[in-house]
Structures are given as structure tokens and as C-alpha cells.
Amino acid sequence: MTSTAPETQRGQDAGDPLGEQPTSWQRRLRRFGHVPRPETSLRDRLDPPWTRPGRQVWSVLAIPPHVADRVVRWSGWGGPLLVTLVAGLLRFWRLDQPNAVIFDETYYAKDAWALVNQGYEGSWPKDVDKLILKDPSSVPIPTDPGYVVHPPVGKWIIGFGEQLFGFTPFGWRFMVAVLGTISVLLLCRIGRRLFRSTFLGCLAGLLLAVDGLHFVMSRTALLDLIVMFFVLAAFGCLVVDRDRSRRRLADALPVDEEGVLRPDARIAETLRLGWRPWRLGAGVMLGLAFATKWNGLYVLAAFGLMTVLWDVGARRTAGAVRPYMAVLRRDLIPAFFSTVPVAIVTYIVSWTGWIVTDKGYYRNWAATEGKGSSWSWLPDWLRSLWHYENQVYDFHVGLTSGHTYESNPWSWLVLGRPVSYFYEEQAGCKESSTGKCAAEVLAIGTPLLWWLACFALAYVVWRWLFRRDWRAGAIACGVAAGWVPWFFYQERTIFLFYAVVFVPFLCLAVTMLLGAIVGPAAGTGARADLGLTSKDPTGERRRTLGAIAAGVLVLLIIWNFIYFWPLYTGTSIPEDLWRDRMWLDTWV
């Protein structure tokens, strides 16, 4: 059988690399589930191996060994690409429906069209949406600047799709659907690297593919899924950077006479890890997230702290006596300049259209109202941009007007109040007892997936605190970075669909929980200390039952996605069936 449980990865940062006895506080924590890290080689702790399917799988399927080896070799990309293909087919199927400007598409689709055609957003007249749907070529782009409250990157991306396919629903949704599809591929590969298992990586991608909120946001021209894409890409870059830097540490450590890698305090504390392009790439991705919506700034701070702590763990594992001081001397400054300044420069560059056209909103503020300022030695465009950003910040923190579909972040994980993007009733529906049919696009996650994620997050936090599993900490960091900042603005008008930014991390958490339910192969991983061996029928029975339980949960999640499919796509159904899907009163 394939060893798929998260416990099977060796190389956690926990514990003393020299194998000393646990401290008294560690012994006290055992009553809460704390266990010492399984004894593995130092190289495996720094550069964990990948799991491979056992021979039993191929023998059951009657696949020859040489063919099985080839399948395994190609599955690292083949499996994720297959999951991505399914996700893409779902997202692009009837992407132009409903043929309407739904929810906040009324802002972003038009701003994107103006941006790609004239370099800045225009002030569109009211009630122009119907004219755009009827004949977009007859609607002129307004030259008067429009006051917009979000940076331009997301609108540039939406506008690129409009350039390809026209000023139509398909055109303004196209690039968002592309990024939604690619994000499934990213999560498959990230999960594979995180858990060292192709199976678990593909499972995480599959869960993302059938999440209702991610699906709806992938088919709507809003900015939040674009933020999610760049956040996920940045996380992936940092995970790759972590692997490469730890491998470089392992290669630099000494080997004893028996060929065993040994820790070395001097090397661990003084080695420079050199050029780290993946961390630089993360800085660019986080800058693009910040340049789409400002909540990307919180993710930048959280991920920056996370990657520095990863360096601390790596140097401690390699034998550093004072790992924090070593990171302060060798890694902190390069980490800062690879992320924060890069993200800021990326953000400023994203405003190039506004800067060079000289016609955007507040573009000439420095030369008019701001003339004579003590900061006049700075370029006018920079001072005007700073003033614009201050005005936008005041708008965001002061946005307290009520909305029918607003929700508090406390209710997001349980899907307390989803957002209806589109709703239409049709009379004369013979299949309904009320004589009506309903078509709705409801921004809501797949309920069973999200409710299971509540338990998965509890498991992840427990595993991070008491098993000191860095993967659990990384997943928790991703969720916290996208969710916790909204608790500081609870009086502001906020919506459930903002949660799409951390949906991939919820899928990783559920994957980790499902892997634990399945359990490791008998006699391997963290469960070996329980006395399970390859010949132990109790271990095999437990793993079989775990696999059945995990499989049933996945099938229920897929069924739940299919059941809510009409509400995700705006498909017209009898009103009776629509009401059957309103599981909570707050969903109406």
C-alpha cells in the first residue's frame, strides 16, 4: 500500500537533532498527545525523501514492475495535470452564463476595459450595464477619471481577457477562470511537495477543484480569486526555497567514517545559503497580491515571518547552538530585501498606466492642491499617488454602510452568510409546486468540505503545537494570514467571499486530516513505535478502515458539490428544489 499519511514524512524540525532525552516540559506535554520526533537520519530531517507506492498496488492491478516505475515517474506531473484538466472543464463550461453583469462585476469589468484601452479607469455613467450586454461596441469609454479604491493589477488581468474575447461576460471572466484553473495545479504540486506524496497532493487539488466558493469565484470577474492565486504562488515559492536551502545545508555538513551525516555547529551558524531566486519570486508574487487588493499586505508580513522561522529550524537541525542569532546574522537581511522591497517596487510598477497617462484620478494633485508641500522635493507623481492611497485607506476603514449579504468573519468557516451574486425567477414552471423556477449564483463553499475543515483546522493546530510539525504550522499560517486580519475590521462591511484567499489552505488542512485518518503503512513512519509491522494484521486492518472512511468523506464532498451545482452556475431549477438547498435560514 502507498504510505500516504502526513506522519510518514521524515524531517520535521522538532526535537533535538542529537537525540537527547526529552525535557520535563516535553514529558508533561505527552498527556496532550505530544510525542518525540521519530528517529531518522540527519539528511532525512533536512531533505525528506518522497513516498512511493508499494508493490502491492501494482500487483493487484496486474501492472508489470517496469510499467509501474514509469507510471510513478510520470505521476508527479501526470496526476496534477489530470486533476487540473477536470477543474478547467468545470470552470470553463458555459462560462458566459449567466449573460449578465453580476454583483461587483459592474465595477471591475468596466474599470478593466478602460484600463487596458486608455491606461486609467474612467467614470462610467449609471445604468450602462444593459447597453454593454446588448452592444458593447456602442458604449464609449469615458475619458473622465474614475475614483477607484483598489490597485490595478487585478483589473489589468481581467482586461487582458477582454482584449482577447471582447467586452462580454466571457471576456471579463476568462482570465479569472484561467487563474482559478492554474491554482488547482499549483495546489497539487504544493501539496505533493509539502506531504512528499503525489497522492495527497492530487487530493488537495481535487478538494480545491470541487469547492463551491473557489468555483464561483473562478467564474466571476472579481479581484479576490486573483489575490488568492498570487498568495498561493508565493507560498509555493517559499516551500521550494525551504527545500533547496535545507538541501544546501545538508550538502555542506560533514560525513563521518561510516558515511553518516553529522551536525556541525560552526557550519550551521556560519554557512551562507547564497542566491535564493525562489524567495525573490515569492516577493514578486506577494507584491502582485498587494497590488490587487490591500489585504495581500498582511500575507506579506505573515509569510515573511514564516520563512525566517523556517531558516531558524533548518540551522537548528543542522546543529546550530544559537540558531536565532545565526539567522539574524546570515539570513534576516537577505530575506527582508527579497520580499518587502521587491513587493513594494512591484506595487509601484503596477501603477504605471496611471503614472504615464497623466489623466487618472488625483494624478495631478501634487501640482494643484498639494503644491508647496514640505515633501515637494519628491516627484509629483509619487506625492499624488501617496495622497490617493491615503484617501483610499480612509474609504476602506470607514466603509460601514450596511449590506444585505455582509457577514462577520466569525461565521465564515461555518458558511453563516453566503453572498448571492445573481438571482432570477421564472414564472410558469410546471415542475414546481409554486409554479416558479429560480436561477441563482450563490458564493458559498461546498458545505461538507468547509464543515470538515473546521475539524481539520483543530487537528492542524494540535499537530503544530504538540507534534511541532512544520507543515501544520505552514497551513495554519496560510489560513491565519487570509482570515485573522478581517477581525480587526469587524465594524466594516465585509463578505464571505473574501475567504477565498485562504481556501487552498483549508484544502491542505483537510488533506492532512484525511491522511491521518488513513494512517501510514504498517511498520513505517511515526506509528512504528506502536509496534505495527508489515505482518501485523491489526495495523493493516486499521489502515483499510481508515482508507474506507477517508474515501467516503471525499465522495460525500464531491456529491455535495454536485448537489449544489445549480446554485454555483445559475442553472434554473424548480423553486422547491432551490428551497431544499437552503440548508440554513441565513442562506436565503
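Fair warning: this is a prediction, and the values are worked out from it, not measured in the lab. Side-chain atoms are counted along with the backbone in the values below, which use heavy atoms only and exclude waters and symmetry mates.
Using modelled atom types, one finds a donor on one side chain and an acceptor on the other under 3.5 Å when comparing Q426 with S572. The closest side-chain donor-acceptor pair between N295 and W486, if any, does not fall under 3.5 angstrom. No side-chain donor from either of Q97 and T569 sits under 3.5 Å from a side-chain acceptor of the other. R242 and T307 share no side-chain donor-acceptor pair at under 3.5 Å. Of the N and O atoms on the side chains of T106 and D129, at least one donor lies less than 3.5 Å from an acceptor on the other residue. In summary, the side chains of S432 and E575 do not present any donor paired with an acceptor at a separation below 3.5 Å, with no hydrogens or angles considered. Using modelled atom types, one finds no donor on one side chain facing an acceptor on the other under 3.5 Å when comparing E389 with Q391. Residues Q490 and W410 bring a donor and an acceptor atom of their side chains to less than 3.5 Å of each other.
Taking the centre and axis of the six-membered ring of Y120, the NZ or CZ atom of R363 falls outside the cone set by 45° and 6.0 Å.
Taking the side-chain hydrogen bond (donor to acceptor under 3.5 Å, both in side chains) definition, one finds that R94 meets it with nothing, sequence neighbours left out. Residues forming a side-chain contact (heavy atoms from CB on, under 4.5 Å) with S183 (at least two apart in sequence, or on another chain): L208, H214, M228, F229, L232.
Using modelled atom types, one side-chain atom of R219 and one backbone atom of R91 make a donor-acceptor pair closer than 3.5 Å.
Look at R383 and D380 and you find a salt bridge, because one of the NZ, NE, NH1 or NH2 atoms lies within 4.0 Å of a carboxylate O, short of that distance. Contact check on R279 versus D311 returns a salt bridge, with a Lys/Arg side-chain nitrogen under 4.0 Å from an Asp/Glu carboxylate oxygen. For R417 and E406, the salt-bridge test fails: no basic side-chain N is under 4.0 Å from an acidic carboxylate O.
Two residues are said to be in side-chain contact when any heavy atoms from C-beta on lie closer than 4.5 Å; S123 and P145 fail this criterion. Side chains of L413 and W483 form a contact here, defined as non-hydrogen atoms less than 4.5 Å apart.
Between Y568 and F561, the distance from one ring center to the other falls under 6.0 angstrom. Here the two rings, on F564 and W583, have centers that are under 6.0 Å apart. Between W156 and F160, the distance from one ring center to the other does not fall under 6.0 angstrom. A distance below 6.0 Å separates the ring centres of F167 and W172. Checked against a 6.0 Å centroid threshold, the rings of F495 and H403 count as neighbours.
Between A100 and E105 the shortest heavy-atom distance is O-OE1, 3.6 Å. The nearest pair of heavy atoms linking A474 to W310 is CB-CZ2, 3.7 Å. Closest non-hydrogen pair, V414 versus L584, comes out as O-CD1, 4.4 Å.
No more than 12 heavy atoms of other residues, nucleotides or ligands lie within 6.0 Å of OH in Y393, so this atom counts as exposed by the packing criterion. Remark: D127 CG is loosely packed, at most 12 non-hydrogen atoms of other residues, nucleotides or ligands lying under 6.0 Å away. Around the OH atom of Y423, the shell of radius 6.0 Å holds more than 12 heavy atoms that belong to other residues, nucleotides or ligands. Around CH2 of W565, the count of heavy atoms belonging to other residues, nucleotides or ligands within 6.0 Å exceeds 12.
With P418 as the partner, the side chain to side chain contact (heavy atoms under 4.5 Å, CB included) test is satisfied by one option alone out of L213, V588, L442: L442.
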Side-chain atoms of residues 280-294: list all donor-acceptor pairs with protein atoms under 3.5 Å, sequence neighbours left out, distances to 0.1 Å.
| residue | atom | partner | partner atom | Å |
| --- | --- | --- | --- | --- |
| T292 | OG1 | L288 | O | 2.8 |
| K293 | NZ | D224 | OD2 | 2.9 |
| W294 | NE1 | Y347 | OH | 3.1 |

